[in-house]
Amino acid sequence: MTYPKVTTDPTADPSNGQGAVPGSPKFPLIEEGVLAYWAEDDTFRASVEQRDPGKGGENEFVFYDGPPFANGLPHYGHLLTGYVKDIVPRYQTMRGKRVERRFGWDTHGLPAELEAMRLNGIKTTDDIVEMGIDKFNDACRASVLKYSGEWRDYVTRQARWVDFDNDYKTMNPEFMESVLWAFKGLFDKGLVYEGFRILPYCWNDETPLSNHELRMDDDVYQDRQDPALTVGFRLDSGELALIWTTTPWTLPSNMGVAVGPSIEYVVVESDLPTGTVERYLLAKARLASYAKELGEEPNVVETLTGADLAGRSYTPPFTYYAGSDNAHRVLAADFVTVEDGTGLVHLAPGFGEDDKAVLDAAGVETVVPVGKDGRFTFPVTDYEGMQVFDANPQIIGDLKSGTASVSAGTVLVRRESYNHSYPHCWRCREPLIYMAVSSWFVEVTKIKERMGQLNQDIRWTPEHIKDGQFGRWVENARDWSITRNRFWGSPVPVWKSDDPTYPRIDVYGSFEEIERDFGRLPLNAQGERDLHRPWVDELTRPNPDDPTGKSTMRRVTDVLDVWFDSGSMSFAQVHYPFENTDWFEQHFPADFIVEYIGQTRGWFYTLHILATALFDKPAFSSCISHGIVLGSDGNKMSKSLRNYPDVSEVFDRDGADAMRWFLMASPILRGGNLVVTEQGIREAVRQVMIPLWNTWYFFALYANAEHYDAQGSTDSTDPLDRYLLAKTRQYVEKLTGELDDYAIADACETTRGFFDVLTNWYVRRSRERFWEGKPEAFETLAAVLDVVCRAVAPLLPLTTEEIWRGLTGGRSVHLADWPDVSALPADDALVAAMDQVREVCSATSALRKAGKLRNRLPLAQLTVVVADPAALEPFSGIIADELNVKSVRLVSAESGEAAGYGVEQKLTVNARAAGPRLGKDVQLAIKGSKSGDWSVADDGTVTSGGLALVEGEYSLETAAGDAAEGAATGMLPTGGFVVLDTVVTPELAEEGLARDLVRAIQQARKDGGLDVTDRIELTIGGTPPVLEAARNHEALIAGETLATSYTVSDSGDADGSTAVVVGEGEQAAVRVTLA
RNA sequence: GGGCCUAUAGCUCAGACGGUUAGAGCACCACACUGAUAAUGUGGGGUCAGAGGUUCAAGUCCUCUUAGGCCCA
């Protein structure tokens, strides 16, 4: 039999027997071979279909794919999430579950509109209307599908198995119909209402901006000089309440004044501003900064808190809204500070988020006397038609002179210029204003308590998200504004009467309901059902509640927030409830979702809102939220900074499995951030890919050399084999637990540790047995490789596929079952003993190093003193071999020999126990234990630093002291010690020389390009001790180096020989020729 | 401006309840080992951001300062 049994390597020739498994693999090439095989074999489909869904889907593992917005190529963040989205389903599939995976696309929203506007060179919403909403939306549709092909390529290349052919898109009519159903469901439950929302607004482009657009550029925030006014509003109690504002144009819309409830305010008398004595109200802390207007030490007539002031009424500065219900009162609000201004804040509900929140709570109407072009409208007649910034000077002038509609008694106390950082439109660079925009809301505040309860049923990774970032966000949830005054999105399915005299609102939740009332469906230019604008806007009908028959039902022109789409994904992806009702009920909630941590405010949140509101269930039962991927310089990844390695280049150079490992093993899945570097990815190749591959290469090399076909038996009685099998069992058990817990980073760490044992201990120590063709070694390694490939398959799907198929000839490791540990021996004691063996080797190596005793120099004896020497007995040969000692003595720690080996007792004071009892004196005892000022009395009483210690307050341990002449002592970390005989006899020194020669000859063989099995003719020359060693150890040297002819010559360097230094500076020359 | 988080080796990070010699991986240097492995083994490095306090004892608790990050305004 020849390994590999199957290979994707086009250059491999299985009939050749050797070299079919490349020793220096090009992983990207192997990966492409495996991907091509999967494509041809349709392995993914088979992996899903071979698992029975079970009755009512009970054997299914449900995964929801969070839809990405594909307005560009995938970056590391997408790849990272994609890897997790692949690992968990692969694992669950191997565990026997059926895991359907559909890809999803988020298609609606502003990014698509911005791209379409950019491509068509248009800037404003008017431009869009002029262009035609149908043409514009066609452009949006084209822009979101532009990259779907590239996405598929990347996702396929990263070895993520997901169904693209059966994907879902949020712009499909079926998806959108389910979204309408959800909106209507919320409406019917009384969870939807219409109101205002304050947004940054560009009056030049006539569009509100999203928060995202405020962060689009660093220069969105620019310094700007604005007039800052201090104005006195006349309280009904007579004082002038001083407010400060940098937006004079909002004063005509003033509806209230806010004060900090615990801030201290004063009333002072002054005649400076008006010439007559007036009483002014402001925060005590701000008094000094008004010394110029109010006097250096004005007469304080009253001191009171904000809470005292709350409820007082005043005359508004302008008369337009005088007499509004509940308006023009002093209100307490926590956001008020005394950092600048007067400690009293003018509130205009139409132009400030805080303002609106406070006034909403007080029952004050939101007034917005500014049009979408940023110009004043009725009832602000004095400035009607003026752009708000342009109106500032006139407003200030009127305030000063009391002209226009300024209320009598209002006083302009100060006018100054104020420099501040102010947001500007990233498109047109004009300063933005904050303005109320009509919007529909989901009343999240009504259900947030239930959302919190349902959140308790979700298992979060990392755990703290549950009650931390997500839990707190839900706790402080505000109503969700779900409409946008835009074009490319699911329509708000609300039709309103266009005459307020005959009010009526209709909400539609299906095509059928629409057709029933309007007599037809919304159809696009191609005659297809289409819920997008403008087609849906065309549907109008007479208002049934209007007896005059003149008013018309027209759709609210808004579209829905894209987050409403993605939050509907759980049911809308299958067109629930119009189709697939059984499927949905069996697949909700999802078993598992994963996205980056920011989705606690995005997708996780909107899924949870809609699931709670519509189904009273959580939408998912497990959720991983991972951290953010950063560029190699620790900053956000940025195309212009080129601070991250190109994704395609990494695939081509290191491969998709290497990138997978790098990302999955990192702290990013525990919620931390991750810096992406080429170096880190290469490290994954070095630490994991190469060791695994080389174990396979090693196995194939020697199995092929022996023509051995292993069946993968676990019956070997060899101690090293038994150890590996038991260790493999422990490994798989641990890994299974970690993957069950979605602890992928832990699973990687566990695997890395196991690979170390496999390659750097088991294979290294077993080389000779493979070289000798011991069947049980091949059987053991074949069995372990099979198990390991299956266990690591989710973490390195491409590499393990190539190895597993080469090893077994099977169809795919991903069609195999998860390894059953019961086939492997459970022997924790054996594993523990081997761990101790490695400690012995490590400690003894340190002794050799300290004594400058090179490893090739054999030493006579190593004495190992441990609690249970019998446990190490099976490994004494391994210890002797590894450490190059002639004999290993295993001695019980009980035997009392310790003192003879220069090992002494050491006292350690347990400060934690002794501290509380002894107090300050504990320091004396510690000092004593360190300086040697301690003793153990015959009755066992321990005294240190003159203080008697109680049992538990100290521990007596053995430590290496001065060893006897000719020996060195080293401690073992888990107890016990080793004693190395360091006496180098002439015989040992000579054997050391012989072994140096072997090494030199092997190097010469290698340098000469000889194959491992080639026989050689060997000539050795050199100084007398070298010749002596060569003669006395001919059998060893000739045997190790496969020399059929062996000449020791004192005639100096022969032609073609290599000069080397051996032993302690002895000269040698070796000549190797092919026999 | 308010709130939250972070600061430990050249780098990335661990360090329950305070306990006296602060760990790991990588990088670097030296030596060793090497006919599977650009591998491995052994050894080498830290004023725990700064200042003050509490305590017998502080990387750990408290206060302030500095620097950086996140969220909200």
Practice problem: Taking atom types as modelled, find out whether A:Arg286 and A:Thr342 have a side-chain donor-acceptor pair closer than 3.5 angstrom. | Solution: no
Exercise. Please examine the side chains of A:Phe698 and A:Thr759, heavy atoms only from C-beta on, and report whether any two atoms are closer than 4.5 Å.
Key: no
Practice problem: Round to a whole Å and report the spacing from CZ of A:Phe770 to P of B:rU37. | Solution: 15 Å
Quiz item: Which part of the nucleic acid, if any, lies within reach of A:Thr759 when heavy atoms closer than 4.0 Å are counted: base, sugar-phosphate only, or nothing?
Solution: base
Quiz item: Rounded to whole angstroms, how far apart are CH2 on A:Trp761 and C1' on B:rC33?
Solution: 13 Å
Quiz item: Quick one: is A:Arg854 getting a side-chain N or O under 4.0 Å of the B:rU42 phosphate, OP1 or OP2?
Solution: no
Quiz item: Can you name the residues that form a side-chain contact (heavy atoms from CB on, under 4.5 Å) with A:Pro431, not counting sequence neighbours?
Solution: A:Trp203, A:Arg224, A:Phe389, A:Tyr422, A:His424
Exercise. Taking only Lys NZ, Arg NE, NH1 and NH2, and the carboxylate oxygens of Asp or Glu, determine whether A:Glu353 and A:Lys356 approach each other closer than 4.0 Å.
Key: no
Quiz item: For atom P, what is the distance between B:rG10 and B:rU47, given to the nearest Å?
Solution: 8 Å
Quiz item: Base, sugar-phosphate alone, or nothing: which one does A:Arg601 contact when heavy atoms must sit under 4.0 Å apart?
Solution: sugar-phosphate
Self-check item: Results of ring-ring contact (aromatic ring centres under 6.0 Å, His included) for A:Phe351 - residues two or more places apart only
Solution: A:Trp249
Quiz item: What's the CZ-P distance between A:Arg765 and B:rU40, to the nearest Å?
Solution: 17 Å
Quiz prompt | Any residue meeting side-chain contact (heavy atoms from CB on, under 4.5 Å) with A:Arg601, in chain and number order, not counting sequence neighbours | solution = A:Trp473
Exercise. Applying salt bridge (charged side-chain N to carboxylate O under 4.0 Å, His left out), name anything that partners A:Glu839, two or more places apart in sequence or on another chain.
Key: none
Quiz item: Between atom CG in A:Leu972 and atom P in B:rU42, what is the gap in whole Å?
Solution: 13 Å
Quiz prompt | Nucleotide nearest A:Arg856 when distance is taken to its side chain, options B:rG35, B:rU37, B:rU34 | solution = B:rU34
Quiz item: Can you name the residues that form a side-chain contact (heavy atoms from CB on, under 4.5 Å) with A:Ala436, not counting sequence neighbours?
Solution: A:Phe196, A:Ile198, A:Thr366, A:Val368
Exercise. Write down the distance between CZ (A:Arg1015) and C1' (B:rG35), rounded to a whole number of angstrom.
Key: 14 Å
Exercise. Select from A:Asp921 and A:Ala846 the residue whose nearest nucleotide in RNA chain B is closer to the 5' end of that strand.
Key: A:Ala846
Quiz prompt | Distance between C1' atoms of B:rG50 and B:rU66 (Å, rounded) | solution = 7 Å
Exercise. Tell me, please, which residues at least two apart from A:Glu772 pass side-chain contact (heavy atoms from CB on, under 4.5 Å).
Key: A:Glu768, A:Lys774
Quiz prompt | P atoms of B:rC5 and B:rA14, separation to the nearest Å | solution = 15 Å
Quiz prompt | Separation of B:rG35 P from A:Leu1010 CG (nearest whole Å) | solution = 13 Å
Quiz item: Base, sugar-phosphate alone, or nothing: which one does A:Phe699 contact when heavy atoms must sit under 4.0 Å apart?
Solution: nothing
Practice problem: Quick one: list whatever passes ring-ring contact (aromatic ring centres under 6.0 Å, His included) with A:Phe470, sequence neighbours left out. | Solution: A:Trp460, A:His608
Self-check item: Distance below 4.0 Å between A:Tyr702 side-chain N/O and B:rA36 OP1 or OP2
Solution: yes
Quiz prompt | Pairwise C1' distance, B:rG59 and B:rA9 [rounded to whole Å] | solution = 14 Å
Quiz item: How many Å lie between CD1 on A:Ile681 and P on B:rU12, as a whole number?
Solution: 17 Å
Quiz item: Roughly how far apart, to the nearest Å, are B:rG23 and B:rG44 at atom P?
Solution: 12 Å
Practice problem: Select base, sugar-phosphate, or nothing to describe what A:Leu924 touches, counting heavy atoms under 4.0 Å on all strands. | Solution: nothing
Self-check item: Stems involving RNA chain B, each a run of at least 3 consecutive Watson-Crick or G-U pairs under 3.5 Å
Solution: B:1-7 with B:66-72, B:10-13 with B:23-26, B:28-32 with B:40-44, B:49-53 with B:61-65
Quiz prompt | Sugar-phosphate or base contact per nucleotide [nucleotides 17-26 of chain B; S, B, -; heavy atom under 4.0 Å] | solution = B-BBB---SS
Exercise. Give the nucleotide from the list B:rA39, B:rG35, B:rA32 with an atom nearest to the side chain of A:Asn760.
Key: B:rA39
Quiz prompt | Gap in Å between the two C1' atoms, one belonging to B:rU20 and one to B:rG25, rounded | solution = 27 Å
Quiz item: Considering heavy-atom distances to RNA chain B, does A:Leu853 or A:Arg999 have its closest nucleotide positioned more toward the 5' end?
Solution: A:Leu853
Practice problem: Check A:Val259, A:Leu331, A:Ile263 against A:Val336 for a side chain to side chain contact (heavy atoms under 4.5 Å, CB included) and give me the one that passes. | Solution: A:Ile263
Self-check item: Integer angstrom distance from the P of B:rA24 to that of B:rG41
Solution: 13 Å
Quiz item: Which whole number of Å gives the distance between the C1' atom of B:rU60 and that of B:rC17?
Solution: 11 Å
Self-check item: Atom-to-atom span, NZ of A:Lys849 to C1' of B:rG44 - whole angstrom
Solution: 9 Å
Quiz item: Between B:rG35 and A:Arg1005, is there an OP1 or OP2 to side-chain N/O distance shorter than 4.0 Å?
Solution: no
